[in-house]
There are 2 protein chains.
Amino acid sequence: MTNLPLPQTGSCPVATTVSLLSSKWKLLIVRDLLKGTKRYSELKQSVASVSQKRLTRSLRELEQDGLVLREVFPVIPPRVEYRLSPLGDSLRPLFSALKDWDLMYLDLKQKESS
Amino acid sequence: MTNLPLPQTGSCPVATTVSLLSSKWKLLIVRDLLKGTKRYSELKQSVASVSQKRLTRSLRELEQDGLVLREVFPVIPPRVEYRLSPLGDSLRPLFSALKDWDLMYLDLKQKESS
DNA sequence: CGGTATCCTAACAGATACTG
DNA sequence: CAGTATCTGTTAGGATACCG
């Protein structure tokens, strides 16, 4: 289901998001790109333990889905920058909600252990 | 990464959520349980195209992670009900944000094609 | 630097049969 | 009904080597 043909119109929002972002790495990539433009090597660093292959593929898919923009600078050595498209950036509130939930989660786990 | 040891404390919120919910089916399961208690067979129906095996495993993992509660009724034929724990239910705002984003997404896709 | 191409293994899906 | 067990493909992931 990782990359269904996109026009899943009519389907539910969760299914849409799953088709766009599930594949655990994509959320992590978008998380990093929300902080700004990143080079390939920076993403390789910050998205812990992702393999080169999967990082590249995930980026390609995010690009095809219109969430990420890829810019190649014709220099040697090569320089490739990734950043969020407006659509990708519109995910920001969702990540904010995610962060809020995490706070609640940590709080609850702490009470549990006390 | 599907089931990391939970105490990922110190890690980022996105990583936490990924560890809890990534594995595409889990989001779909939680989505359905947000509507209320469901029997196994109901989930099998509404979580489209999930296999019996994977549905069971996902439910077990969600249960272990404290998001889902499982109640077995000692009757014949058996009756097993699943529902969200308070922690699981606290995901509701996140799903709401997800729905909001989907609306924006659909809107943008529509403009694109016009 | 930012990738492909290749090989190999681990994880997952699907079908079927069986059980309390 | 709600699973478990088993067996068999497919697909995803990791490691390595190489290239413009």
Side-chain angles (χ1 to χ4, degrees), chain A residues 1-5 15 18-30 32-33 36-65 67-84, chain B residues 1-5 14-15 18-30 32-33 35-65 67-84:
Chain A
M1 188 182 273
T2 295
N3 238 20
L4 290 175
V18 163
S19 79
L20 289 172
L21 293 174
S22 156
S23 131
K24 66 186 181 194
W25 304 112
K26 291 186 182 176
L27 278 166
L28 300 174
I29 293 170
V30 172
D32 288 343
L33 292 181
T37 299
K38 298 267 183 192
R39 296 182 61 167
Y40 181 87
S41 48
E42 293 178 293
L43 287 171
K44 182 80 179 62
Q45 276 278 334
S46 59
V47 179
S49 78
V50 70
S51 72
Q52 214 169 29
K53 187 166 68 175
R54 184 102 314 259
L55 177 58
T56 302
R57 285 200 192 169
S58 299
L59 285 168
R60 292 287 179 282
E61 290 175 6
L62 287 168
E63 196 190 352
Q64 288 201 325
D65 293 346
L67 297 174
V68 163
L69 302 172
R70 178 171 180 263
E71 187 171 9
V72 183
F73 297 86
V75 295
I76 293 175
R79 176 187 188 85
V80 180
E81 288 186 355
Y82 295 91
R83 58 196 173 86
L84 293 178
Chain B
M1 187 179 274
T2 296
N3 238 19
L4 292 173
V14 182
V18 163
S19 79
L20 289 173
L21 292 174
S22 154
S23 129
K24 66 184 182 195
W25 302 113
K26 291 185 183 177
L27 277 167
L28 300 174
I29 293 170
V30 171
D32 287 344
L33 292 181
K35 296 172 199 159
T37 299
K38 299 267 183 193
R39 298 181 61 166
Y40 181 87
S41 50
E42 293 178 291
L43 288 171
K44 182 79 181 61
Q45 276 277 333
S46 58
V47 179
S49 78
V50 69
S51 72
Q52 211 170 32
K53 190 166 60 176
R54 188 109 304 267
L55 177 58
T56 302
R57 286 201 192 169
S58 299
L59 285 168
R60 292 289 177 281
E61 290 176 5
L62 287 169
E63 194 189 353
Q64 287 201 327
D65 292 346
L67 297 174
V68 162
L69 302 172
R70 178 171 180 265
E71 188 171 9
V72 183
F73 297 85
V75 295
I76 292 176
R79 176 185 188 87
V80 179
E81 288 187 354
Y82 294 91
R83 59 197 174 85
L84 295 178

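Bear in mind that the values here come from a model prediction, so they are computed numbers and not experimental data. Every chain is numbered from 1 and lettered A, B, ... according to where its sequence line falls, protein lines coming before strand lines.
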Report task. Using whole Å, report how far CG of B/L59 lies from P of D/dC1. Result -> 17 Å
Query - A/W25 side-chain N/O to D/dA12 phosphate OP1/OP2 under 4.0 Å - result: no
Query raised in the report: With sugar-phosphate meaning primed atoms plus P, OP1 and OP2, does A/F73 contact a base, only sugar-phosphate, or nothing at under 4.0 Å between heavy atoms?
Result: nothing
Query raised in the report: More than 12 non-hydrogen atoms from neighbouring residues, nucleotides or ligands closer than 6.0 Å to CD on B/Q45, yes or no?
Result: no
Query raised in the report: Is A/R79 near enough to D/dG20 that one of its side-chain N or O atoms lies under 4.0 angstrom from OP1 or OP2?
Result: no
Report summary line: From CD of B/E71 across to P of D/dG3 the rounded distance in Å is 13 Å
**Report entry** Sidechain-backbone polar pair: B/K44 side chain, B/R39 backbone, donor-acceptor under 3.5 Å
**Finding:** no
Query raised in the report: From the list D/dC1, C/dC1, C/dA15, which nucleotide is the closest neighbour of the side chain of B/P77?
Result: D/dC1
Query raised in the report: Can you tell me if the side-chain N/O atoms of A/Y82 get under 4.0 Å from OP1 or OP2 in C/dC1?
Result: no
**Report entry** A/L84 and A/L69, any side-chain heavy atoms less than 4.5 Å apart
**Finding:** no
Query raised in the report: Going by modelled atom types, is there a donor-acceptor pair between the base of D/dG14 and the side chain of A/K53 at under 3.5 Å?
Result: yes
Report task. State, yes or no, whether a side-chain contact exists between B/L59 and B/Y40 at a heavy-atom distance under 4.5 Å. Result -> yes
Query raised in the report: Does A/S41 have a side-chain nitrogen or oxygen under 4.0 Å from the phosphate oxygens OP1 or OP2 of C/dG2?
Result: yes
**Report entry** Whole-Å distance separating the NZ atom of B/K44 from the C1' atom of D/dT4
**Finding:** 15 Å
Requested in this report: Could you pull out the closest heavy-atom pair between A/L21 and A/K26, with the gap in Å?
Outcome: O-CB, 3.4 Å
Query - D/dA2 OP1/OP2 closer than 4.0 Å to side-chain N/O of B/R39 - result: yes
Report task. To the nearest Å, give me how far apart NZ (A/K26) and P (D/dA12) are. Result -> 11 Å
Query raised in the report: If you pin A/R57 and B/Q52 to their nearest nucleotides in DNA chain D, which one's is more 5'?
Result: B/Q52
Query raised in the report: Would one find a side-chain N or O of B/R54 under 4.0 angstrom from OP1 or OP2 of C/dA13?
Result: yes
Query - Residue-phosphate contact under 4.0 Å: A/S51 side-chain N/O, D/dG13 OP1/OP2 - result: no
**Report entry** Minimum-distance nucleotide to B/P78 side chain [options: D/dG13, C/dG2, D/dA2]
**Finding:** D/dA2
Query - Protein-nucleotide distance (A/I76, atom CD1; D/dG20, atom C1'), rounded to Å - result: 8 Å
Query - Rounded distance in Å - CD (B/E81) to C1' (D/dG3) - result: 16 Å
